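Note sheet for the following structure.
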Amino acid sequence: MATDGLHESETLAALRSEAESLKGRLEEERAKLHDVELRQVAERVEALGQFVMKTRRTLKGHGNKVLCMDWCRDKRRIVSSSQDGKVIVWDSFTTNKEHAVTMPCTWVMACAYAPSGCAIACGGLDNKCSVYPLTFDKNENMAAKKKSVAMHTNYLSACSFTNSDMQILTASGDGTCALWDVESGQLLQSFHGHGADVLCLDLAPSETGNTFVSGGCDKKAMVWDMRSGQCVQAFETHESDINSVRYYPSGDAFASGSDDATCRLYDLRADREVAIYSKESIIFGASSVDFSLSGRLLFAGYNDYTINVWDVLKGTRVSILFGHENRVSTLRVSPDGTAFCSGSWDHTLRVWA
Amino acid sequence: MAAIAGPGTPGGRLRAQSPHLSKMERVVVSMQDPDQGVRMRSQRLLITVIPHAVTGSDIVEWLAQKFCISEEEALHLGDLLAQHGYIYPLQEPYSLALRPDETPYRFQTPYFWTSTLWPAAELDYAIYLTKKNIRKQGALVEHEKEHYDQLHKKINHTWDLVVMQAREQLRAAKQRRKGDRLVTACQEQTYWLVNRPPPGAPNVLEQGPQRGSCTVSRVQMIQSSDFYKREIELSRKALGRTRVKSSICLEAYLKFSSQHSLHDPIMSGCLPSNPWITDDDTYWAMNAPMVAVPTKLRVERWAFSFRELLDDPVGRAYFMDFLQKEFSAENLSFWEACEELRFGGQAQIPDLVDAVYQQFLAPGAARWVNIDSRTMERTLEGLCRPHRYVLDDAQLHIYMLMKKDSYPRFLKSDMYKGLLADAVIPLETKRRVFPFMRKPRHSSPSPALLPTSGEPPATGSTAGGDREG
């Protein structure tokens, strides 16, 4: 009926304006305790010297765009996935390929190495996350032991094992994240709250809690309690899709990279954005970010084929690295911080040190 | 042809999805500013003179100055502008690369901007190819010929219209001055190089899988009252939380970064050397998870925080020894068992919970842990319905006990002091420059090869080769 419709739209409008006004109040509250900028605090810190980082290894073997990579805890092996469905495990120190699997779908946008080093997980346009045990047995077909773990209703954008091989956290284009039991494929917890595709996630290196952060096309970064499934904190300052989130090594903050060409730092205790890493000449989106071991440097891969190195404390750009011939799509610092690896749409991966 | 790109048009949507296009457009607009822009000149091409041309080197210099960046970066940025069709070369129109020399370029007319005229229409492409074909036989290159044939098949029924349009456009062009004709031809050619790149050329318009932010489902979502109710609840909760002053939070970064800076190989290097730089993997051997003599830096890290100590298997082992001497090793064992439960498989939960209860919590248990009565009561109640978080409270209590009590004592202990004294400081291995001999890069056994419980190690070497799965 016409009157019902009117009532409904009034309620909707009322809810929307209430939501907006609360957000405004929240920003005011957050601003009250913001007594100093990071830039000012960092004036006391010594400036960084000239930075020389070079490509030390180039991994060639993917026949198409590299979309994702992850390090093994042994600090030298990596797993990488690409647009044509190939997932490769390399010893990147020797550049030898050790395993290869062809997924039954294209655009494998997510891959992860298990903490034990004995398995990998991957997924993409198949809307699933599958786990492959790694085997060196010549008689065994890796694809035969494949385990289908996660099922989403849209593409898989990110996945990560928790502290063990037995649980996987996933993010999807269906707007949700989910925690799964690997052995049974059972859904342990789902996380609803993003208003659009979730593109990335990172587990917190916290000593007691179970939290993780996710970023999405709704420009929001959300921090979740893994146990309850509730969102505990949300940040909405980016102007475009958030492609990558990564915790600061202490766990008290996280960085994000977005299509709006900026990277930002959000502090969890202050509950606000505390730094923006941007430059007028940087026009293309940041696809992937990660910190050096001490958290002083932030490495960010961009869609303009470059990698920018930021001084996290001073907010300045320390260095720009050229080399890739197409978008940098993925970037991770190695577990012991000796190098970082970048993957690109130019079909290659590079290890920099 | 297409309408000007407002927010509702396809071009407008592309602009929203690709913020870099708007930014590039702002840059090229400021490059054309009569006062502050790039130096314009007239370019002579054979017998024609083309106005408003700029050289590649002027573009690079302008970008370098405007953004305070190096020439290398300016060239890279300028090249991207060219690849996206915002700048086009007047000579050699087949290559959209930017050359930092006297090569003349011009700025693309907004009519042909990527975000204006998007997506490129098949009909328009057919007309363009037909014009080329008519104007000069054999002017179409390989991939254009293929496209032409494909289109001819596909829109055969309207081909007369295509030819008519092509002829009409060619006729109208003949009416104009040679200079204008040349410029229009370049502009159009550039547009098609961007939208229909030849094989081997980069396709700058390629996107990943479509993201749903502009689809119907999002529109539905933001029109539902549930969505706003959730946002309201989130904001209300957030308003109630305690926040810490920025000055305190930010100081913490300074402290953390300076404390860890010597331990950050990229910042401070590492001894004996960074394996990636010298091809010598001794660093990894010396810092292996379970090494007999840990390095000085490693032992120092155990003092940074309780978590750093526990995260290191060697550190944790020594801490366990220390606790054994203090007769409180059951605390660490209990904590480890709780971690196993939290991160274990779903199917193992009942057994794990039972084992923990028997060993640590039951009255008279062999390794009874000392938890306060309230937590113990709550925990024992929860054990009736075991789940993976049922021991969280107890685990936290014991963790805090160790952190506040045992850990500080460990750091002051003779054991720890002895470990620091005995720890190794590796000698630096410099990179060998002369005689230049490539150091062989040792392979290492994959973690997937190591025997797990019950499974014999797999045979077969790890060196080289693909193993297709």
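Just so it is clear, the model here is predicted, and its values are computed rather than measured. All values below come from the heavy atoms of this structure, side chains included, with hydrogens, waters and symmetry mates left out. In the text below, chain A, chain B and the rest are named by the order of the sequence lines, each starting its count at 1.
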Exercise. A:Tyr248 versus chain B, heavy atoms under 4.5 Å apart: side chain, backbone, both or neither?
Worked result: side chain
For this session: Check whether any side-chain heavy atom of B:Glu231 sits under 4.5 Å from a side-chain heavy atom of A:Lys23, and report yes or no.
Result: yes
Exercise. Highest number of heavy-atom pairs under 4.5 Å with chain B: which of A:Arg327, A:Gln40, A:Glu183, A:His192?
Worked result: A:Arg327
Problem set entry | Residue part contacting chain B, namely of A:Leu48, when any heavy atom lies under 4.5 Å | side chain
Seminar exercise, completed: Heaviest contributor of heavy-atom pairs below 4.5 Å to chain A, chosen from B:Lys66, B:His260, B:Lys245, B:Glu233, is B:Lys245
Problem set entry | Rounded distance [0.5 Å steps], CZ in B:Arg241 versus CG in A:Leu26 | 9.5 Å
Exercise. Based on non-hydrogen pairs under 4.5 Å, which of B:Glu340, B:Glu339, B:Arg342 is most in contact with chain A?
Worked result: B:Arg342
For this session: Under 4.5 Å heavy-atom distance to chain B, tell me which part of A:Asp336 shows up: side chain, backbone, both or neither.
Result: both
Problem set entry | Straight-line distance of B:Phe67 CZ to A:Lys279 NZ, nearest 0.5 Å | 9.5 Å
Exercise. So what's closer than 4.5 Å to chain B heavy atoms on A:Tyr132: side chain, backbone, both or neither?
Worked result: neither
Exercise. From B:Asn203 CG over to A:Trp345 CH2, what is the distance, rounded to the nearest 0.5 angstrom?
Worked result: 9.0 Å
For this session: Among A:Gly295, A:Ser184, A:Gly173, A:Cys231, single out the residue with the greatest number of heavy-atom pairs under 4.5 Å to chain B.
Result: A:Cys231
For this session: Find out whether B:Pro209 and A:Met109 are in side-chain contact, i.e. whether some heavy atom of one side chain is under 4.5 Å from a heavy atom of the other.
Result: yes
For this session: For A:Asp91 and B:Ser443, work out which heavy atoms get closest and say how close.
Result: OD2-CA, 4.2 Å
For this session: Let me know if B:Ile232 has heavy atoms under 4.5 Å from chain A in its side chain, its backbone, both or neither.
Result: both
Problem set entry | Segment of A:Leu188 engaging chain B (4.5 angstrom heavy-atom cut-off) | side chain
For this session: Look at A:Asn303, A:Val182, A:Asn210, A:Ile320 and state which one has the largest set of heavy-atom pairs under 4.5 Å with chain B.
Result: A:Asn210
For this session: Supply the atom-to-atom distance A:Arg76 CZ to B:Arg441 CZ, rounded to the nearest 0.5 angstrom.
Result: 10.5 Å
Exercise. Using 4.0 Å as the upper bound for N to carboxylate O, is an ion pair formed by B:Glu251 and A:Arg44?
Worked result: yes
Exercise. Given the options B:Gly344, B:Cys270, B:Ser261, B:Pro202, which has more heavy-atom pairs under 4.5 Å with chain A than any of the others?
Worked result: B:Gly344
Problem set entry | For chain B, the option from A:Arg272, A:Glu325, A:Arg30 that forms the most heavy-atom pairs under 4.5 Å | A:Arg30
Seminar exercise, completed: Honestly, the part of A:Thr106 sitting under 4.5 Å from a heavy atom of chain B is neither
For this session: Please state whether the side chain, the backbone, both or neither of A:Asp35 comes within less than 4.5 Å of a heavy atom of chain B.
Result: both
Problem set entry | Which of A:Leu125, A:Asn163, A:Val36, A:Leu38 touches chain B most, by non-hydrogen pairs under 4.5 Å | A:Asn163
Exercise. Do A:Leu313 and B:Ser257 come within less than 4.5 Å of each other through their side chains, counting heavy atoms only?
Worked result: yes
Exercise. Tell me, do B:Glu73 and A:Thr306 make a side-chain contact under 4.5 Å, heavy atoms counted?
Worked result: no
Problem set entry | Contacting region of B:Tyr399 [heavy-atom separation from chain A under 4.5 Å] | side chain
For this session: Identify the heavy atoms of A:Gly337 and B:Asp264 that sit nearest to each other, and give their distance.
Result: O-OD1, 4.3 Å
For this session: Verify, without hydrogens or angle tests, whether B:His76 (side chain) and A:Tyr305 (backbone) share a donor-acceptor contact under 3.5 angstrom.
Result: no
Exercise. Counting distance only, does the side-chain N/O of B:Lys23 pair as donor-acceptor with the main-chain N or O of A:Asp260 below 3.5 Å?
Worked result: yes
Seminar exercise, completed: Under 4.5 Å to a heavy atom of chain B? For A:Ala339 that would be both
Exercise. Do you know which two heavy atoms are closest between B:Pro447 and A:Arg77, and how far apart they sit?
Worked result: CD-CD, 3.8 Å
For this session: Would you mind checking which part of A:Pro205 comes under 4.5 Å of any heavy atom in chain B, side chain (CB onward), backbone (N, CA, C, O), both or neither?
Result: both
Problem set entry | Heavy-atom donor-acceptor pair, B:Ser225 side chain to A:Leu12 backbone, under 3.5 Å | no
For this session: Answer with side chain, backbone, both or neither: which region of A:Phe291 has an atom nearer than 4.5 Å to a non-hydrogen atom of chain B?
Result: neither
Exercise. Is a side-chain donor or acceptor of A:Asp181 paired with a backbone partner of B:Gln346 at a separation under 3.5 angstrom?
Worked result: yes
For this session: For A:Ser164 and B:Phe343, indicate whether the former's side chain and the latter's backbone hold a donor-acceptor pair under 3.5 Å.
Result: yes
Seminar exercise, completed: Ranking B:Ser247, B:Ala74, B:Ser235 by heavy-atom pairs under 4.5 Å to chain A gives rank one to B:Ser247
For this session: With side chain to side chain contact (heavy atoms under 4.5 Å, CB included) as the test, would you mind laying out the steps for B:Tyr253 and A:Val312 before giving the verdict?
Result: CA-CA 9 Å; B:Tyr253 300 152; A:Val312 171; 5.9 Å; no
Problem set entry | Proximity breakdown for A:Lys65 and chain B, heavy-atom pairs closer than 4.5 Å | side chain
Problem set entry | Inter-residue atom distance B:Ile277.CD1 - A:Trp352.CH2, 0.5 Å rounding | 13.5 Å
Exercise. Counting only heavy atoms not in A:Lys219, do more than 12 fall under 6.0 Å of its NZ?
Worked result: no
Exercise. Can you name the nearest heavy-atom pair linking B:Tyr389 to A:Met226, along with the distance?
Worked result: OH-O, 3.9 Å
Seminar exercise, completed: One option among B:Ala288, B:Ser70, B:Pro275 has the most heavy-atom pairs under 4.5 Å with chain A, and it is B:Pro275
Exercise. Tell me, side chain or backbone of B:Trp276 under 4.5 Å from chain A's heavy atoms, or both, or neither?
Worked result: both
Exercise. Which region of A:Glu37, side chain (C-beta onward) or backbone (N, CA, C, O), has a non-hydrogen atom less than 4.5 Å from a non-hydrogen atom of chain B, or is it both or neither?
Worked result: backbone
Exercise. Which atom pair, heavy atoms only, marks the closest approach of B:Tyr228 to A:Arg16?
Worked result: OH-CD, 3.2 Å
Problem set entry | A:Phe284 side chain near B:Leu80 side chain, heavy-atom distance below 4.5 Å | yes
Exercise. Do B:Ile266 and A:Phe51 come within less than 4.5 Å of each other through their side chains, counting heavy atoms only?
Worked result: yes
Seminar exercise, completed: Between the CD atom in A:Gln233 and the NZ atom in B:Lys237, the distance rounded to the nearest 0.5 Å is 10.5 Å
Problem set entry | Taking every non-hydrogen atom, the tightest pair across B:Arg307 and A:Ser250 | NH1-O, 4.5 Å
For this session: Check each of A:Asp197, A:Asp241, A:Asp218 against B:Arg211 using the salt bridge (Lys or Arg N to Asp or Glu O under 4.0 Å) test, and report the only one that passes.
Result: A:Asp241
For this session: May I ask you to name which of B:His387, B:Lys403, B:Arg26, B:Gln83 has the most heavy-atom pairs under 4.5 Å with chain A?
Result: B:Lys403
Seminar exercise, completed: Highest number of heavy-atom pairs under 4.5 Å with chain B among A:Arg296, A:Arg57, A:Arg73 belongs to A:Arg57
Exercise. Is B:Leu63 close to A:Ser281 at the side-chain level, that is, under 4.5 Å between some pair of heavy atoms?
Worked result: no
Exercise. Any side-chain heavy atom of B:Leu234 sitting closer than 4.5 Å to one from A:Met222?
Worked result: yes
Seminar exercise, completed: The interface call for A:Ser116 against chain B, heavy-atom contacts under 4.5 Å, is backbone
